[in-house]
2 protein chains.
Amino acid sequence: MLDHAPDLDLVFQALADPTRRALVERMTTGPASASELARPFDMTLAAVLQHLKVLEDSGLVHTKKEGRVRMCRVEPDALRGAEAWIAERRTTWERRLDRLGSVLSEEER
Amino acid sequence: MLDHAPDLDLVFQALADPTRRALVERMTTGPASASELARPFDMTLAAVLQHLKVLEDSGLVHTKKEGRVRMCRVEPDALRGAEAWIAERRTTWERRLDRLGSVLSEEER
DNA sequence: GAAATACTCAAGCACCTGCTTTACTAAAGC
DNA sequence: GCTTTAGTAAAGCAGGTGCTTGAGTATTTC
């Protein structure tokens, strides 16, 4: 069975690199092969393939070998997991500030 | 002037560590001093202070020295920036899938 | 004013990252 | 079948990360 618990360490670590974010960004416009993805970058194909492995290990990207080509596409579930973690913490804090604000304006009266 | 452009490299890098995510999580329930934050962890105060510095450099956390105590609280803007980056990429991809889906079911008819 | 508290600073160390290079394998194209 | 294309594997290296220890400096507290 597939592992559907995306590991936040790996996801955030993967997103911490600008090259990898650019790769994700490119893939959101449609699937692409590794060498297609590598073309715009000023680094070797080997380096880009290592970035793609990091992305795949994090669950952000799915890849599949078709003939001699490795096709890559985004896996939105892992993105959703990271987004949810952030959103939850942010709203917890913002709700706290709201409550605090209304307590203070109560006291003002 | 304050730098209000949160650097995504630093933000995601900061969130990639479980100790730092736990610190953020704790701070969403209210501000706390460094040693309060450090107490639950099985590591030296010095180590936790280094984590707090990473969080502060990323813009996720604001700290201020009050007497001999350093008080820390979450800075929701940096969280929002990271959340927005992810949300944008995810929805771009999901919209693409929707369009693709409707084209396919058009052809089915 | 002496002792305890809450950091701060800097050095040191094991391990991890982001590359490169070189050498290799497997599919496509001609 | 020979060449080009696309990727894989592994080693090596500079610089970064996540700790620790030890030695300091301000504030409080008693």
Side-chain angles (χ1 to χ4, degrees), chain A residues 6-27 30-75 78 82, chain B residues 6-27 30-75 78 82:
Chain A
D7 181 328
L8 288 177
D9 281 30
L10 296 181
V11 170
F12 285 129
Q13 183 72 263
L15 292 177
D17 183 278
T19 302
R20 287 193 295 259
R21 283 201 307 280
L23 288 170
V24 168
E25 197 146 9
R26 164 64 185 81
M27 281 182 245
S33 72
S35 41
E36 249 178 293
L37 289 168
R39 197 150 311 126
F41 295 99
D42 187 23
M43 67 180 76
T44 60
L45 173 63
V48 171
L49 287 165
Q50 284 168 36
H51 281 302
L52 285 171
K53 179 163 189 341
V54 172
L55 287 168
E56 182 157 31
D57 288 349
S58 77
L60 283 166
V61 159
H62 177 81
T63 81
K64 194 185 176 194
K65 194 118 191 214
E66 293 172 6
R68 68 178 164 175
V69 171
R70 179 166 295 276
M71 287 303 286
C72 311
R73 64 177 167 70
V74 164
E75 200 64 70
Chain B
D7 181 329
L8 288 176
D9 282 30
L10 296 181
V11 170
F12 286 129
Q13 183 72 266
L15 292 177
D17 183 279
T19 301
R20 287 193 294 260
R21 282 200 308 281
L23 288 170
V24 168
E25 197 146 7
R26 163 65 185 79
M27 282 180 244
S33 73
S35 41
E36 250 178 292
L37 289 167
R39 200 148 7 235
F41 294 99
D42 186 23
M43 67 180 76
T44 60
L45 174 63
V48 171
L49 287 166
Q50 285 167 37
H51 281 303
L52 285 171
K53 179 161 188 343
V54 172
L55 287 168
E56 181 156 31
D57 289 349
S58 77
L60 284 166
V61 159
H62 178 80
T63 81
K64 194 185 176 194
K65 193 116 192 211
E66 293 172 6
R68 69 179 163 174
V69 171
R70 180 166 294 277
M71 288 301 288
C72 312
R73 64 176 168 70
V74 163
E75 199 64 71

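Treat the numbers as computed from the prediction; the structure is a model and nothing was measured. To find a chain, count down the sequence lines: A is the first, B the second, and so on, and within it residues start at 1.
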### Query
Hey, is the side chain of A/His51 poking within less than 4.0 Å of OP1 or OP2 on C/dT17, counting only N and O atoms?
no
### Task
Could you tell me whether A/Ala34 contacts a base, only the sugar-phosphate backbone, or nothing, with contacts defined as non-hydrogen atoms closer than 4.0 Å?
sugar-phosphate
### Summary
Rounded to the nearest 0.5 Å, the OG atom of A/Ser58 sits from the CD atom of A/Glu75 at a distance of 10.0 Å
## Note on the structure
Result for 5'-nearest mapping on DNA chain D, choosing between A/Gln50 and A/Lys65, is A/Lys65
### Inter-residue atom distance B/Glu56.CD - B/Leu52.CG, 0.5 Å rounding
8.5 Å
### Query
Rounded to the Å, how far apart are B/Met43 CE and D/dT17 C1'?
13 Å
### Task
Could you tell me the separation between the CG atom of A/Leu45 and the C1' atom of C/dT22, rounded to a whole number of Å?
14 Å
### Message
Expressed as a whole number of angstroms, how long is the span from A/Leu49:CG to C/dT21:C1'?
### Response
15 Å
### Query
Looking only at side-chain N and O atoms, does A/Arg20 come under 4.0 Å of OP1 or OP2 in C/dG18?
yes
### Query
With nearest nucleotides of DNA chain C determined for A/Asp17 and A/Gly67 from heavy-atom distances, which residue corresponds to the more 5′ nucleotide?
A/Asp17
### Task
Tell me whether the OP1 or OP2 atom of C/dT8 has a side-chain N or O from B/Arg70 closer than 4.0 Å.
yes
### Query
Does B/Leu55 reach the side chain of B/Val24, with side-chain heavy atoms less than 4.5 Å apart?
yes
### Query
How is B/Thr44 classified with respect to the nucleic acid when contacts are heavy atoms under 4.0 Å: base, sugar-phosphate, or nothing?
base
### Message
Using a strict threshold of under 4.0 Å (side-chain N to carboxylate O), is an ion pair present between B/Asp57 and B/Lys53?
### Response
yes
#### Entry: Side-chain N,O (A/Ser35) to OP1/OP2 (D/dG7) below 4.0 Å
yes
### Query
Considering only side-chain heavy atoms of B/Thr19, which listed nucleotide, D/dT17, D/dC19, C/dT20, is closest?
D/dC19
### Task
Let me know the distance between CZ of A/Arg68 and C1' of C/dA28, rounded to the nearest Å.
4 Å
#### Entry: Separation of B/Gln50 CD from B/Arg20 CZ (nearest 0.5 Å)
10.5 Å
### Task
Quickly work out the B/Met71 CE to C/dC7 P distance and round it to whole Å.
9 Å
### Task
Calculate the interatomic distance between B/Arg39 atom CZ and C/dA6 atom P; express it in whole Å.
7 Å
### Task
Round to a whole Å and report the spacing from CZ of B/Arg21 to P of D/dG18.
12 Å
### Task
Using atom CG of B/Asp9 as one end and atom C1' of D/dG16 as the other, report the distance to the nearest whole Å.
14 Å
